[in-house]
K.L.:
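First the structure, which I've put down as structure tokens, then a few questions once you've had a look.
Because the structure is predicted, anything quoted here is derived from the model rather than measured.
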Amino acid sequence: MKKYHKPEDALCKKVGKGEATSADLSTLLKAYEDMKGATPPKGDKAVWAKNCDALISAVKKVQSKDATGASDFKKAVNCKGCHDGFKGK
């Protein structure tokens, strides 16, 4: 996730600004789908899946040029909320 969320030129930041290319969106979608298939280090797996689904859905909306996609993506990307609930040590 650091690769896609942390750097100044991170893909998630490009999506939030409306600057992501089609390839960027495909890469990020694949990362979120892979993340959903993983087991979180801690926390409720069902909540993990729900949060991942929100990210996946938002990226798909952005890909399809849905006007609500960017705002849905910004709501779904909640680093602290995810880390507090699921990140291990």
K.L.:
Check whether the side chains of Asp24 and Thr21 place a donor and an acceptor atom closer than 3.5 Å, and report yes or no.
P.N.:
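Judged by distance alone, the side chains do pair up.
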K.L.:
Any Lys/Arg nitrogen of Lys30 or Asp34 sitting under 4.0 Å from an Asp/Glu carboxylate oxygen of the other?
P.N.:
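Counted as a salt bridge, because a side-chain N and a carboxylate O are separated by less than 4.0 Å.
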K.L.:
Check whether any side-chain heavy atom of His5 sits under 4.5 Å from a side-chain heavy atom of Cys79, and report yes or no.
P.N.:
yes
K.L.:
Between Trp48 and Gly37 (side chain of the first, backbone of the second, donor and acceptor by atom type, cut-off under 3.5 Å), is there such a pair?
P.N.:
no
K.L.:
How many angstroms lie between CG in Leu25 and NZ in Lys61, if you round to the nearest 0.5 Å?
P.N.:
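Reported to 0.5 Å precision, the distance equals 14.5 Å.
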K.L.:
For the NZ atom of Lys36 and the CD1 atom of Ile56, what is their distance to the nearest 0.5 Å?
P.N.:
5.5 Å
K.L.:
Is it the case that Ser64 and Asp66 place a side-chain donor and acceptor less than 3.5 Å from each other?
P.N.:
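Asp66 and Ser64 do not have a side-chain donor-acceptor pair below 3.5 Å.
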K.L.:
Look at Lys14 together with Asp9 and state whether they make a salt bridge at an N to O cut-off of under 4.0 Å.
P.N.:
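Asp9 and Lys14: not salt-bridged.
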K.L.:
Side chains of Lys45 and Pro40: does their closest heavy-atom pair fall under 4.5 Å?
P.N.:
yes
K.L.:
Distance check, rounded to the nearest 0.5 Å: Ser22 atom OG versus Gln63 atom CD?
P.N.:
6.5 Å
K.L.:
Distance from Lys60 atom NZ to Glu33 atom CD, nearest 0.5 Å?
P.N.:
5.5 Å
K.L.:
Checking Ser71 side chain against Thr68 main chain: does a donor-acceptor pair fall under 3.5 Å?
P.N.:
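Yes: the side chain of Ser71 pairs with the backbone of Thr68.
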K.L.:
Below 30° counts as parallel, above 60° as perpendicular, anything between as tilted: where do the rings of Tyr32 and Phe73 land?
P.N.:
tilted
K.L.:
Looking at side-chain heavy atoms only, is the closest gap between Leu55 and Met35 below 4.5 Å?
P.N.:
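When only atoms from C-beta onward are counted, Met35 and Leu55 do touch, with a gap below 4.5 Å.
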K.L.:
How long is the gap from SG on Cys12 to NZ on Lys17, to the nearest 0.5 Å?
P.N.:
10.0 Å
K.L.:
Taking the side chain as every heavy atom from C-beta outward, state whether Val15 and Val59 have any pair of such atoms under 4.5 Å apart.
P.N.:
no
K.L.:
For the residue pair Pro7 and Lys13, establish whether any side-chain heavy-atom pair is separated by less than 4.5 Å.
P.N.:
no
